[in-house]
J.: 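Quick one: the structure is below, and I'll ask about it shortly.
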Amino acid sequence: MVQRPELAALKARLALVAGSSQAGMLPLGVLPVLPRAGLHEIEGDVAASGFAAALAGLLAGGCGFVLWCTPFTALHEAGGLYGAGLAACGLDPARLIVASPRHTRDALWTMEEALRSGIFAAVIGEIEMLPSIAARRLQLAAEAHATAALVLLPPRAPGTSVGMTRWRATSAPGGAWHIELARCRGGASGTWLVEWNHATHRFDLVAVFGERLGAPASSGLDWPARGANCRAGETPVRRRA
Amino acid sequence: MALIAEQAKRLFVAAPDALAQASGIVPGQTLADARALAGDLAVAPFDPTAITRALDGIAQWCMRYTPATAPAGDDGIFLDLTGSAPLFGGEAALLTELVARLARQGFTAHAAVAGTPGAAWALAHFAPGTIAASATERAALAGLPVEALRLAPETVTTLHRLGLRTIGALYDLSRAALARCFGNGLCRRLDQALGSVCEPISSLREVPPWRERRDFAEPLLQPEDIATTLRRLIESLCARLAAEGLGTRGLECLGFRTDGSTARARIGTGRPSRDPAHLARLFAEKLSLLDPGEGIDGMVLSPIALEPLAPEQTALTRDGAQPGDLAALLDRLANRLGTTNVFTLAPVESHRPERAQRRVAPNTAARNLRWPDGTRRPLRLFADPEAIEAEAAAPEEAPLHFTWRHVRHCIQHAEGPERIAAEWWRDAAPAARETRDYYRVEDEDGGRFWLYRQGAGEASRWYLHGLFM
C-alpha cells in the first residue's frame, strides 16, 4: 500500500471538523465517543498500547503532538516502542515525544508537566500502579488543560474511580481486539470486538456483545444504552464474514 | 605543629606553623634539629596532593571576586581583578575582605595587588598588603629580594654570590650581561614582573564575560532565599542577554558558603533561551544542590554557552501554544529525566529491525520521514531478542508452539517466513551475520508475536523479537 501522509492528515482533520458538533468529544466510530479532556485508564498488555496509540493518533488528528511516557525498563520487559508499528496504529512517530523515566514518581511528574503545558493532544503513560491521589492530580491537570491523559495499566491492575473512563483491551483471534469499556462517567459500559483499519485509521466493528448487537454502527456518536455489559459466556456474533 | 617530609631517608620539616616558627623552626630543618628547639612539636606527614586540592578549592571559592582565578605555583592563587575591583569598593577594600574571609575559614593569607601577575606574586610573598598601581611596579619591587622574581634556587645563589640581593640592583645591569650569565629565565621573570612581557593567567576554566553576582552581608540560610536570589540573578542576566540579542544554552550557579566550600548547580536547554521564568523553573529541580549548609554569603550566575537569539518568536500552533512552550517543556523533562531519556523516533535505512529506527533529540526530528510498512512490523520491539523454546513440524517450516517467559503458546496461525539478511558490512560477530527467518504468529488467545529462526538445520535457534498490537 502506498502511504499518503497528507491524505491521512486531511482525513483526520475532516474527522475533527465532523466531530466538532460535539465539542470536546472524540468520535470513535463504532465505539462510544471519548471526552477529550480527562483521565482514561486502559488496562491490558500490548493490545492496550495499540489501543492507546490509535486513540492518541485520532486525538492528535494529524497535527497535534503526543507524549508517551514509557518506563526505562520497557526496552527489556514490555518491549520498546517501535516507530513503524506506531505509524500503523495511526500515530505519527515524528509528532510523538517519548520520555523514558526511571521511576513511577518521575513518570507521574512527566505526565503532569506535559498535561499542564497544554501542548499535547494526548499524554500517554505506562504506570505499574496508579494511586488514587496521583489519578486525581492527572484528572485535574487533564481537565484544566483540555488534554486527554491515557494511563496504561498492566492486566488486572486495580483501577481508580477517578478517571472519566476505564477500558480493557485484549488481543482477539483473527487480528481483532476485545475492547471493554468497564467504567464510564455519565455513560454505560459495553464490550466490542473491533478491528483496526490500517487504511482508514478507524475502528471497524466485528461483533458487539450484549444489547448493543444490531445497533447501526453510525450511532457510535452516542453512548450505548445503560446495562449493556458483557454477559459472561456469551458468544460474539460476527457481523462480517 | 609542623608538617614533615622524608627525603634521603631523613625527616625534614616541610611546613612549620606560626607557633613552631616562633620557636625558631624553619622549613628544611631536620626533624631532630626541630625537636631540639621545641620538644613538644606535633608533626603530621606533608601531603602535596592534599595541598594542591585545598588550593584548588580556595581558587574556586575566589571566583566570587572574579571569574578568572588560577592556582599559582604550589602556594598561591592568582586573581585577575580586571573590572571587578570597583564592585567591591576598590582594590584595597577587596583585599581586606578577601584576607578576612579566608581568615574566618582558618587560612592565613598574604595578598597584594599589582598590575602584573609577577609583581603581585613578589609583593604577596615579600610585602603583603601592598597595592601597587599599574606602571608603578618598578618602584614597588626595587627594594624586594631577588627571590621575589620566582627564580630557580641556583640562580638566586649565584645572584647572592655576586652581591645582587635586591631587584632594584638588577635594573642598572645591562640585559645582555644578565642574559649571558643567567640565561633567558631571569630576564623573562624580570620583564613579566615589570609588565614589558605579558603573562596570561591560565584560569581554572573558560568563563564567558557574562556573569551576575550578589554578595550578602548576612549569609543566606533558607532555601527560599536562595531561590529568590537566583531568580533575581536570572532576571538581570536575561535582561542583559535580551539587550544583546543573545540566548544561553545553559546556566551555572555557584553558591559560596561561609565555610569555604562551593555549592554548584547547572541546567541545560535544548535551544538558546533567555526566558527568566523558564530558566528559573529548570533550576527548581536542582535547588537541592544549592544547599546553604552553614550559610551562603555570595552567589554567581554565569551562562554556559551563548548563541544569537531572535528578539521574539510569536508563531502560534494549533492550540495557541507557542513553539517555545514545547522547547521549554522538553528542557524541563530533559533536566529531570536526563537528556537521552527524552527523544523522538526516526526511521533509519536498515534491514535489521533493531536498527531501522533510532532516537533523535526532539528538536531535531525531521518531519515526513518514510517509515516501512508498519502492518508487518510489531508495536513493541525488545532491545535484546529473547531466546525461546519453539518447535516446528520440519526444520524449515513455521513453528507450531513456543515457550516464552515460562508460558507455552500454541500457534493457531503463522505468516512467513520473511527473510531478513544480515548486514555483513556492519556485523563483525559470526552469530550476528546469520540470516533470520521472521514469522508473524498468533496464539490461541489472539496474542500476536514476532518470532525468528536464526541458523539452519539442527543448529537453528528461535527468538522472540516483538509484539504486535
Side-chain angles (χ1 to χ4, degrees), chain A residues 1 3 5-6 45-51 53-54 61 63-65 67 72 74-89 92-102 106 109-110 113-114 116-121 146 169-178 196 198, chain B residues 285 317-323 325-326 328-330 332-334 336-338 340-347 353-354 356-359 362 365-384 386 412-413 442-449 465-469:
Chain A
M1 189 194 84
Q3 280 195 326
E6 310 84 7
D45 46 20
V46 64
S49 300
F51 185 55
C63 48
F65 281 96
L67 184 125
F72 200 75
L75 279 179
H76 301 283
E77 287 175 9
L81 293 174
Y82 199 55
L86 291 168
C89 288
D92 179 7
R95 298 199 151 266
L96 175 71
I97 313 277
V98 184
S100 186
R102 287 175 191 271
D106 282 349
W109 174 86
T110 303
E113 286 285 310
R116 290 196 185 283
S117 73
I119 295 166
F120 298 100
T170 42
S171 303
W177 286 337
H178 268 293
W196 176 251
H198 292 288
Chain B
E285 294 290 320
T317 57
R318 182 181 64 96
D319 298 309
Q322 299 199 358
D325 293 348
L326 178 60
L329 176 79
L330 293 175
R332 283 207 300 286
L333 299 187
R336 171 138 171 187
L337 307 179
T340 54
N341 294 331
V342 181
F343 53 90
T344 290
L345 300 169
E354 62 268 35
Q357 74 175 20
R358 67 193 172 97
R359 298 173 169 199
R367 307 267 177 261
N368 299 322
L369 289 172
R370 184 61 57 91
W371 288 87
D373 178 13
T375 55
R376 298 172 64 196
R377 289 289 175 266
L379 182 64
R380 309 202 72 133
L381 191 83
F382 291 103
D384 302 310
E386 303 203 354
Q412 300 294 309
H413 183 69
E442 188 176 280
D443 71 5
E444 66 274 31
D445 297 324
R448 292 179 277 277
F449 307 88
H465 204 172
L467 305 170
F468 289 90
M469 60 176 181

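This one's a predicted model, so the numbers in the text were calculated from it and none came from an experiment. Residue numbering restarts at 1 for every chain, and letters A, B, ... go by the order of the sequence lines.
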J.: Considering only heavy atoms, which portion of B/E442 lies under 4.5 Å from any heavy atom of chain A: side chain, backbone, both, or neither?
T.: side chain
J.: Among A/W177, A/F72, A/W109, which residue has the highest count of heavy-atom pairs closer than 4.5 Å to chain B?
T.: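 Heavy-atom pair counts peak at A/W109.
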J.: Can you find a heavy atom in the side chain of A/P93 that is under 4.5 Å from one in the side chain of B/W371?
T.: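 Result yes, sub-4.5 Å side-chain heavy-atom pair found.
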J.: Holding to ring pair (Phe, Tyr, Trp, His ring centres under 6.0 Å), I want the full list of residues that pass it with B/F343, two or more places apart in sequence or in another chain.
T.: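 With neighbours one apart ignored, the set is empty.
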J.: I'd like to know which of A/G80, A/A47, A/A114 tops the heavy-atom pair count under 4.5 Å against chain B.
T.: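 Sorted descending by pairs with chain B, the first entry is A/G80.
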J.: Mind checking what makes salt bridge (charged side-chain N to carboxylate O under 4.0 Å, His left out) contact with B/R336, not counting sequence neighbours?
T.: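 By the salt bridge (charged side-chain N to carboxylate O under 4.0 Å, His left out) rule, B/R336 matches A/D106, B/E285.
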J.: Between A/S49, A/G83, A/G50, which shows the greatest number of heavy-atom pairs under 4.5 Å with chain B?
T.: A/G83
J.: Tell me which of these, A/V98, A/T170, A/V46, has more heavy-atom pairs under 4.5 Å with chain B than the rest.
T.: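 Winner by heavy-atom pair count: A/V98.
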J.: Are B/L329 and A/I119 side-chain neighbours, meaning at least one heavy-atom pair lies under 4.5 Å?
T.: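 Yes - at least one pair of side-chain heavy atoms lies under 4.5 Å apart.
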J.: Among B/A383, B/A334, B/G466, which residue forms the greatest number of heavy-atom pairs with chain A at distances under 4.5 Å?
T.: B/A383
J.: What part of A/F51 lies closer than 4.5 angstrom to a heavy atom of chain B: side chain, backbone, both or neither?
T.: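 Neither part.
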J.: At a heavy-atom separation under 4.5 Å, does B/E444 approach chain A through its side chain, its backbone, both, or neither?
T.: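 The answer is the backbone of B/E444.
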J.: Is the closest side-chain donor-acceptor distance between B/R359 and B/T344 under 3.5 Å?
T.: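 No.
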J.: Check whether A/A99 gets within reach of chain B through its side chain, its backbone, both or neither, counting any heavy atom under 4.5 Å.
T.: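 Both backbone and side chain of A/A99 come within 4.5 Å of chain B.
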J.: Kindly indicate whether the side chain of B/H465, heavy atoms from C-beta on, has any atom under 4.5 Å from the side chain of B/E354.
T.: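 Yes; the side chains approach each other to less than 4.5 Å.
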J.: Are any non-hydrogen side-chain atoms of A/Y82 and B/Q357 less than 4.5 angstrom apart?
T.: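 Answer yes - side chains close enough.
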